[in-house]
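Please read the structure below before turning to the comments.
Not measured: the values here are computed from a predicted model. Computed from heavy atoms alone, side chains included, the values below leave out hydrogens, waters and symmetry copies.
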Amino acid sequence: MDATRYTRRGSAMPSSIPATTIRIDPEVKREATAILDELGLSMSTALNAFLRAPVREGGMPFEMRVKAPAPDVKTAR
């Protein structure tokens, strides 16, 4: 029988869901956690919501592009 694990907010999380380890910049994590706390979301809930978005959208849920290269500047004659 699987033991029940709990999130920071105390809600049950099925133990059949595997744990995943990710590396996050400490400052980004601190700032994101502060915002998520205000929203009443755990980091796990927020990341699950984010990961569901590409599945639902068939790609990233926001535009991704590299910065347009600067136009060639011709020297004045």
Side-chain angles (χ1 to χ4, degrees):
M1 182 167 151
D2 290 330
T4 302
R5 290 184 284 169
Y6 292 89
T7 64
R8 281 189 307 130
R9 299 274 182 227
S11 42
M13 185 168 106
S15 61
S16 60
I17 296 175
T20 301
T21 302
I22 60 172
R23 290 185 176 93
I24 303 171
D25 178 276
E27 183 61 19
V28 171
K29 182 179 179 183
R30 186 189 66 72
E31 291 177 17
T33 299
I35 293 167
L36 294 172
D37 283 346
E38 286 186 43
L39 295 171
L41 298 172
S42 68
M43 184 70 70
S44 180
T45 299
L47 288 172
N48 272 290
F50 172 78
L51 292 173
R52 288 175 190 271
V55 172
R56 181 183 61 245
E57 302 292 326
M60 295 303 285
F62 47 83
E63 186 176 338
M64 292 183 65
R65 60 187 163 142
V66 295
K67 187 176 182 179
D72 290 335
V73 178
K74 296 183 180 183
T75 55
R77 293 182 191 209

For Ile35, give me all partners under side chain to side chain contact (heavy atoms under 4.5 Å, CB included), at least two apart in sequence or on another chain. Leu39

With sequence neighbours left out, the residues meeting side chain to side chain contact (heavy atoms under 4.5 Å, CB included) with Leu47 are Ile22, Met43

Counterpart residues, side chain to side chain donor-acceptor pair (under 3.5 Å), relative to Glu27 (two or more places apart): Arg30

Which pairs, with at least one residue in residues 51-63 and sequence neighbours excluded, count as a side chain to side chain donor-acceptor pair (under 3.5 Å)? Glu63-Arg65

Tightest non-hydrogen contact, residues Leu36 and Ser42, listed as CD1-O, 4.3 Å

Using the test side chain to side chain donor-acceptor pair (under 3.5 Å), find all partners of Arg23 that sit at least two apart in sequence or belong to another chain. none

